[in-house]
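Please read the structure below before turning to the comments.
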Amino acid sequence: MTSTRTKTSICNLALDVLHEAPLTDVDTDDTAVSRWFVRNYDEQLEAELREHIWKFAVTRRRILPRDYILRGRAGAIYGTLSGAWGMVRLIESWSGDLVTIRRSSDSASDHFGFLLDEDDAALLDEGGGFLLDETDISDFLAGSTGYVSQLFDQSGNGRHLVQATTTKQPIYESSDELIGQPAASFDGDDDLLATAGNMSNLISTSDGWLVIAGRIDELAFDSATATADHLLLGDQGQKIGLYARAGGNLYGFNNDGAGDTVTDAVPVLEPFVATLRHGSGTLYTSVNGRTELSAASGATSSLASLFQVGDIAGSNATDMHVFAVLAFSTPPAEEERKRIVERLMRWVRAGGAREVGWQYRYAVPSDYLRILPPRSQGVFEGDPVAFEVEAGDILTDQSGYVDFRYIRHVTDPLSMDPLFVQALAGRLATKLAHWLTGKANMVQIAAAFAADARSAARRANAIEGSPERSYANEVINARYMRGTPPYRIWPRQRIR
């Protein structure tokens with residue numbers, strides 16, 4: 001028999017509980033009762049789904065983290081962005097590839113992007129997740145070494161960082177040993193990546209902001225002349241850039257006819273985020289969000305050379321891992337600069353990163369109503385995943401992806417469990433009873449009708465599959481003596 005369950009039939013069931021006349025069509029009948037149902041039906045439907053675990057509304061799906069360094073659309077907050085490169089999706093509006101990798105076994109190359117969330121149209125509209133698709137890269141390499149020949153410019157300006165000479169390409173590392181994220185590993189000999197266009201495309205001679213997130217493995221050069229040390233990033237003509245010296249000294253350098261420097265300290269063997277800012281006749285350098293150090297410096301004498309990361313012509317090579325690089329033609333406002341640096345610091349786990357409680361942010365599905373306690377990688381009775389929901393996002397330390405179970409918003413009456421229909425009708429009748437009938441006992445009758453439906457649903461749910469038990473942690477194991485003996489039993493002695 002084909003079901004004819006509709007929104008009107010559910011509302012009529014509620015009226016039947018109250019011994020009232022039915023409606024012809026709840027959406028078109030012009031009566032006080034029909035208008036009440038139109039106002040309250042959707043709200044009570046959603047509340048019933050949220051408050052009780054109805055199995056027909058529970059679904060499981062894989063969700064990808066989406067905590068971009070630059071959120072929103074390009075031009076909204078960071079309209080001065082002139083270049084963005086990294087082994088992770090840095091910008092919410094970017095939908096292209098992230099990196100080109102060359103395979104050592106046969107020198108074949110391919111482009112690789114980020115993981116996609118293929119199950120939810122709303123998430124696909126924003127391009128999926130933000131982590132590099134390392135599985136695709138692993139399949140491509142098939143055990144060979146990978147080399148980074150290109151980092152795509154995620155600003156949309158097409159200023160990609162490239163290296164055509166195979167011996168100068170940094171190694172692709174799928175997981176940095178300290179932070180567990182993919183990186184481009186520069187060898188400290190001659191590895192470098194460079195733009196095809198001049199530095200003037202990224203910053204002006206009087207204004208600009210450069211950011212690099214990385215980890216220095218070793219510093220050998222030790223010169224009091226900034227440009228004789230290791231290059232982190234800067235122009236090929238050595239007019240402006242960040243240089244590192246043995247001992248962990250960092251130079252912010254600008255040549256306005258004479259070489260002006262700002263000296264800071266950069267950690268070795270630890271992740272860092274370093275910035276170089278130029279504006280209003282002053283040069284600023286900062287590491288890991290510390291207060292900017294400054295020096296007077298006029299307009300850069302020339303920006304006619306290429307922008308490079310890691311080396312200049314084999315004479316300033318840096319042994320380091322690079323996670324992300326950003327360039328702004330004019331610096332964003334101070335608060336936005338702080339937010340970008342703080343987010344990068346948390347991403348690379350740099351020293352001094354402000355702890356906000358969680359490492360990853362996941363966007364909830366479009367049909368989400370309530371998240372059910374997740375288990376590690378979705379395994380039945382697996383380890384619990386700590387999380388919280390904030391501003392419509394799921395926050396957790398689980399990396400890669402999480403298989404969440406959640407209650408989805410179901411609006412089609414034909415998809416609803418018959419017991420849920422009774423519970424929803426009882427809920428509507430409970431809200432309507434006193435206003436429509438003026439009898440207090442009808443409220444109790446309707447509430448009992450809804451409670452009976454929920455009770456019957458719990459009994460039905462109990463025999464549909466094995467119940468998922470609570471996680472057996474150390475406290476539970478000790479209480480019920482699960483696990484491997486011997487057990488320690490504490491004496492019970494009262495202090496009077």
Check against side chain to side chain donor-acceptor pair (under 3.5 Å), Y406 and D367:
CA-CA 9 Å; Y406 66 95; D367 59 351; 2.8 Å; yes
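- Residues L210 and M199 are in side-chain contact: their nearest non-hydrogen atoms beyond the backbone lie under 4.5 Å apart.
- Taking CG of L202 as the reference point, atom CG of L326 lies at 11.5 Å (rounded to 0.5 Å).
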Could you go through F272 and I216, starting from their C-alpha distance and side-chain angles, then the distance that decides it, and tell me whether this counts as side-chain contact (heavy atoms from CB on, under 4.5 Å)?
CA-CA 8 Å; F272 68 89; I216 295 173; 3.7 Å; yes
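- Pairing each heavy atom of T282 with each of S294, the nearest pair is CG2-CB, 3.7 Å.
- We find that R290 and D264 are joined by a salt bridge, their nearest charged nitrogen and carboxylate oxygen being less than 4.0 Å apart.
- The closest side-chain heavy-atom distance from V325 to F307 is below 4.5 Å.
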Derivation and outcome, side chain to side chain donor-acceptor pair (under 3.5 Å), residues S305 and Q236
CA-CA 5 Å; S305 299; Q236 187 184 55; 4.7 Å; no
Residue pair I240, F253: steps toward the side-chain contact (heavy atoms from CB on, under 4.5 Å) verdict
CA-CA 5 Å; I240 192 168; F253 174 80; 5.7 Å; no
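- The shortest distance between side-chain heavy atoms of I212 and V322 falls below 4.5 Å.
- D153 places a side-chain N or O within donor-acceptor distance of the main-chain N or O of R159, the cut-off being under 3.5 Å.
- Listed for the D187 side chain is a donor-acceptor partner under 3.5 Å among the backbone atoms of D190.
- Put simply, the side chain of S149 reaches to within 4.5 Å of the side chain of Q169, judged on heavy atoms.
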For the pair K338 and E334, evaluate salt bridge (charged side-chain N to carboxylate O under 4.0 Å, His left out) and give the outcome as yes or no after the intermediate values.
CA-CA 6 Å; K338 287 181 178 179; E334 181 180 3; 3.5 Å; yes
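- N198 places no side-chain N or O within donor-acceptor distance of the main-chain N or O of S200, the cut-off being under 3.5 Å.
- Remark: side-chain polar atoms of R50 are paired, donor with acceptor, to backbone N or O of L369 under 3.5 angstrom.
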Dump the intermediate steps for side chain to side chain donor-acceptor pair (under 3.5 Å) on T205 and T300, then the final yes or no.
CA-CA 5 Å; T205 57; T300 309; over 6 Å; no
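- At a threshold of 4.5 Å between non-hydrogen side-chain atoms, the residues D319 and F186 do not count as touching.
- T59 contributes atom OG1, which lies 14.5 Å from atom OH of Y368 (distance to the nearest 0.5 angstrom).
- Tested against R339 for a salt bridge (Lys or Arg N to Asp or Glu O under 4.0 Å), the candidates E342, E336, E335 yield a single pass: E336.
- Formation of a donor-acceptor pair under 3.5 Å by the Q238 side chain with backbone atoms of T227 is found in this model.
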Take D222 and R245, measure what salt bridge (charged side-chain N to carboxylate O under 4.0 Å, His left out) needs, and give me the verdict at the end.
CA-CA 5 Å; D222 192 8; R245 176 183 178 183; 2.5 Å; yes
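- A donor-acceptor pair under 3.5 Å is formed between the side chain of S82 and the backbone N or O of A327.
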Please report the C-alpha distance between H160 and L151 in whole Å, then the side-chain angles of each, then the deciding distance to 0.1 Å, and finally whether the side-chain contact (heavy atoms from CB on, under 4.5 Å) criterion is met.
CA-CA 6 Å; H160 311 310; L151 286 177; over 6 Å; no
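- Across all non-hydrogen atoms, the minimal contact from L250 to A274 is CD2-CB, 4.2 Å.
- Counting heavy atoms from C-beta outward, V410 and S415 have side chains that approach closer than 4.5 Å.
- Judged purely by atom type and a 3.5 angstrom limit, D235 has no side-chain atom pairing as donor or acceptor with the backbone of L306.
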Can you check side-chain contact (heavy atoms from CB on, under 4.5 Å) on D311 and L231, steps first, answer last?
CA-CA 5 Å; D311 190 18; L231 176 76; 5.7 Å; no
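- Atom OG in S302 sits 6.0 Å away from atom NZ in K239 (nearest 0.5 Å).
- For the pair H278 (side chain) and L283 (backbone), a donor-acceptor distance under 3.5 Å is absent.
- Remark: the backbone N or O of F56 is not paired with any side-chain donor or acceptor of W54 at under 3.5 angstrom.
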After noting the C-alpha distance and the side-chain angles of S297 and N254, does the key distance pass the side chain to side chain donor-acceptor pair (under 3.5 Å) rule?
CA-CA 7 Å; S297 186; N254 179 60; 2.5 Å; yes
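- Annotation for N157 and G83: closest pair ND2-N, 4.5 Å, computed over non-hydrogen atoms.
- For the side-chain contact (heavy atoms from CB on, under 4.5 Å) with V389, the qualifying choice from L395, I371, T396 is I371, the only one to do so.
- R89 places a side-chain N or O within donor-acceptor distance of the main-chain N or O of W94, the cut-off being under 3.5 Å.
- Atom CG of D106 sits about 7.0 Å away from atom OG of S144, to the nearest 0.5 Å.
- Looking at every heavy atom in both residues, E292 comes nearest to S286 through CG-CB, 3.8 Å.
- Of the residues V266, V262, T263, the one that meets the side-chain contact (heavy atoms from CB on, under 4.5 Å) test with T285 is V262.
- The distance between the ring centers of F112 and F140 falls below 6.0 angstrom.
- With rounding to the nearest 0.5 Å, the separation of NE2 in H52 from CZ in R370 is 9.5 Å.
- In this structure, F152 has its ring center under 6.0 Å from that of H111.
- Closest approach of G146 and L141 over heavy atoms only: CA-CD2, 3.6 Å.
- Shown here for D217 and L269, the closest heavy-atom pair between the two residues is O-CD2, 3.2 Å.
- Residues M320 and R215 have side chains not in contact (no heavy-atom distance under 4.5 Å, counting atoms from C-beta outward).
- Here the OH-CG distance, from Y251 to D260, works out to 14.0 Å after rounding to the nearest 0.5 Å.
- Looking only at side-chain heavy atoms (C-beta outward), Y243 and I312 come within less than 4.5 Å of each other.
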